[in-house]
Amino acid sequence: MIDPRILRDEPDRVRASQTKRGASSEVVDRALDADAARRGAIAAYEEKRAAQKTFGKQVAQAQGEEKQALLAQVKALSAEVKDLEVAQTHAEGAWTDALKAIPNVVADATPTGGEDDFVVLEQVGTPRDFAAEGFEPRDHIELGRLLGAIDLERGAKVSGSRFYFLTGIGAQLELALVNLAMDQARNAGFTQVIAPSLVRREAMEGTGYLDQGGGEDIYRIEGEEMYLVGTSEVPMAAYHSKELLDGRSLPRRYASFSPCFRKEAGSHGKDTKGIIRVHWFDKVEMFVYTTLEDAAAEHERLLAWEKEFLDKLELAYQVVDIAAGDLGASAIRKFDCEAWIPTQGKYRELTSTSNCTDFQTRRLDTRGRFGDKTGPIATLNGTLTAITRTIVAVLETHQQADGSVRVPKALQPYLGGLEVLTPVAEVTGA
RNA sequence: GGAGGCGUCGCCUAGUCUGGUCUAUGGCGCCCGCCUGCUAAGCGGGUUUGGGGCUACAACCCCAUCGAGGGUUCAAAUCCCUCCGCCUCCGCCA
């Protein structure tokens with residue numbers, strides 16, 4: 001949630017942000033009213049409560065008849081305090097609800113508009129011209145089958161649509177990508193993390209994912225109040241919840257590996273074939289805790305690390321500045337890196353990095369100690385590699401006419417020096 | 001899965017049976033000051049976090065905070081219930 005002080009002191013800034021997102025600023029006025037009501041309720045309760053406490057001391061000291069008389073009086077007061085406390089709790093609840101309904105205040109630099117109003121910041125590399133090379137590129141499904149790397153049929157048989165097995169070189173490829181990503185992160189000073197992908201309600205709620213469409217896209221464990229995460233951003237954001245971190249320990253950079261589960265509700269008919277959009281994939285995610293002052297600069301660094309990784313894979317991609325209306329509630333700015341997918345003839349999202357400032361930490365109660373003061377802390381996240389889409393991009397981009405795939409130089413050491421992935425003699429498909 | 005124990009303001013700890021004098025004890029650590037050739041020791045004071053009022057977002061005053069949330073009561077660290085976490089034992093298991 002946003003800083004109540006910004007809401008109180010600069011409501012117009014919040015309204016402007018809402019407008020930029022193409023959303024109503026009615027929530028702002030609702031929250032302001034709720035804030036006023038809350039403060040009134042607090043003052044009323046505290047005043048009576050103080051009186052009750054004073055009275056209580058007299059009761060404790062009194063004896064006999066005097067005590068009985070005092071008890072009779074304080075009983076009425078006690079009932080009043082109880083009512084006022086209930087009223088205060090309600091007012092407080094209404095206020096947090098109203099506050100939670102307000103998305104983060106977007107950055108000045110964030111483009112105005114919706115899904116189609118993104119701004120292309122730069123394009124790196126040139127998409128391969130297969131026509132000039134004289135052959136028709138195969139899609140990742142066919143390449144995966146030829147290489148014995150991706151088994152979609154058995155994925156569907158065992159787990160249903162949008163599932164897959166990575167086999168042979170496909171499995172090796174995942175491990176290689178994970179290691180390449182983890183090594184890069186470690187060399188950049190990140191702490192490597194293997195995070196739980198099953199979390200309790202608190203963690204899921206804290207990151208705000210349950211609010212989005214009522215948690216439509218999230219797998220819940222039957223009768224357990226536990227959830228499968230869609231990204232390790234969830235466990236990593238909750239990692240330091242209810243903690244007061246030493247400001248001098250910032251930035252804290254984590255590179256977290258976890259499987260990610262998404263129901264993909266509402267994406268029927270989109271990317272139905274292959275492994276572009278699946279219910280489960282593994283991902284290495286960068287997650288950073290830092291100061292509010294440093295957040296924007298850190299965001300640029302995260303983007304740079306994402307680009308570094310894509311460069312190592314020798315992919316052609318573009319960097320996109322996502323528009324306000326297409327931003328998640330917690331982000332003030334988001335950059336996507338979209339790699340060129342030859343058989344689709346377009347750029348598709350491979351990585352994404354968001355600056356969430358203090359929006360998540362406020363909800364999850366993570367704060368910092370700075371000198372003799374405490375203050376908010378910012379979080380940022382960014383994909384290093386989402387395995388399935390990375391594999392799609394690598395296979396399609398570096399394929400050769402005979403169905404083999406050239407291994408990018410940086411990845412070769414992680415595949416035992418292998419320079420080319422070659423089709424297997426016997427395809428393991430049905 | 002079964003049985004039991006525990007959770008106190010950085011750490012350790014008193015208090016819980018027998019509710020009010022707890023504005024939570026003491027020690028350690030830390031901070032400020034005094035003393036002192038220097039250091040150590042000693043002496044005095046301070047040392048949770050959040051919120052509200054008032055304001056210079058200071059000082060000050062108030063409310064909450066004894067794992068979390070409810071309940072009983074005029075009054076809860078203390079009694080009752082639920083949940084969370086940790087520990088011990090048994091069972092099961094990769």
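Here is how names work: the chains are called A, B, and so on, in the same order as the sequence lines, proteins then strands, and each is numbered from 1.
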Taking atom [atom1] in both [N] and [M], compute the distance separating them and give it to the nearest angstrom.
N     : M     : atom1 : value
B:A76 : B:G67 : P     : 16 Å
B:C30 : B:C12 : C1'   : 15 Å
B:U82 : B:G19 : P     : 22 Å
B:C62 : B:G2  : C1'   : 49 Å
B:U13 : B:U8  : C1'   : 9 Å
B:C34 : B:C60 : C1'   : 27 Å
B:U78 : B:G20 : C1'   : 11 Å
B:A77 : B:A3  : C1'   : 27 Å

[N] - base-pair partner by Watson-Crick or wobble geometry, distances under 3.5 Å:
N     : result
B:U65 : none
B:G29 : B:U47
B:A24 : none
B:C6  : B:G85
B:U18 : none
B:C79 : B:G71

Q: Answer with base, sugar-phosphate or nothing: what part of the nucleic acid does A:Arg369 contact at a heavy-atom distance below 4.0 Å?
A: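 Here A:Arg369 touches the backbone only, sparing every base.
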**Q.** Parallel, tilted or perpendicular: ring planes of A:Tyr219 versus A:His279, cut at 30 and 60 degrees
**A.**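 Answer is perpendicular, since the angle exceeds 60°.
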Quick check on [N]: is either OP1 or OP2 less than 4.0 Å from any side-chain nitrogen or oxygen of [X]?
X        : N     : answer
A:Arg39  : B:G53 : yes
A:Arg38  : B:G52 : yes
A:Arg200 : B:G85 : yes
A:Lys53  : B:A64 : yes

Does a donor on one side chain sit under 3.5 Å from an acceptor on the other, for [X] and [Y]?
X        : Y        : result
A:Asp336 : A:Ser352 : yes
A:Gln360 : A:Thr379 : yes
A:Lys283 : A:Thr231 : yes
A:Gln18  : A:Arg21  : no

Please report the distance, rounded to the nearest Å, between [atom1] in [X] and [atom2] in [N].
X        : N     : atom1 : atom2 : value
A:Arg367 : B:G50 : CZ    : C1'   : 7 Å
A:Phe370 : B:U49 : CZ    : P     : 14 Å
A:Glu243 : B:G50 : CD    : P     : 15 Å
A:Ile42  : B:A64 : CD1   : C1'   : 10 Å
A:Glu85  : B:U65 : CD    : C1'   : 13 Å
A:Asp3   : B:G50 : CG    : P     : 13 Å
A:Lys48  : B:G53 : NZ    : P     : 18 Å
A:Asp9   : B:U55 : CG    : P     : 15 Å

Q.
What's the closest nucleotide to the side chain of A:Arg5 if the choices are B:C57, B:G53, B:U49?
A. B:C57
Q.
Counting only side-chain heavy atoms from C-beta out, which of B:G85, B:C63, B:G50 sits nearest to A:Ala50?
A. B:C63
Q. Does a distance-only test, which skips hydrogens and angles, find a donor-acceptor pair under 3.5 Å between the side chain of A:Glu46 and the base of B:G53?
A.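 Result: no qualifying N/O pair found.
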Minimum-distance pair of heavy atoms, taken over all atoms of [X] and [Y]:
X        : Y        : answer
A:Asn104 : A:Ser330 : ND2-O, 3.0 Å
A:Ile141 : A:Lys273 : CD1-CB, 3.6 Å
A:Leu364 : A:Thr207 : CD1-CG2, 4.2 Å

Q: Establish, yes or no, whether a centroid distance under 6.0 Å links the rings of A:Tyr289 and A:Phe287.
A: yes
Q: Compute the ring centroids of A:His240 and A:Tyr254, then answer whether they are less than 6.0 Å apart.
A: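 Ring centroids of A:His240 and A:Tyr254 are less than 6.0 Å from each other.
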Expected rows: protein N/O vs nucleotides 69-76 of chain B N/O, under 3.5 Å:
residue	atom	partner	partner atom	Å
B:C74	OP1	A:Lys75	NZ	3.2
B:C74	O3'	A:Ser78	OG	3.0
B:A75	OP1	A:Ser78	OG	3.1

Q) When the nearest nucleotide of RNA chain B is assigned to A:Asp35 and to A:Glu202 on a heavy-atom basis, which residue is associated with the more 5' position? A)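 With A:Asp35 and A:Glu202 compared, the 5'-side residue is A:Asp35.
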**Q.** Whichever of A:Arg8 and A:Glu47 has its nearest RNA chain B nucleotide further upstream toward 5'
**A.** A:Arg8
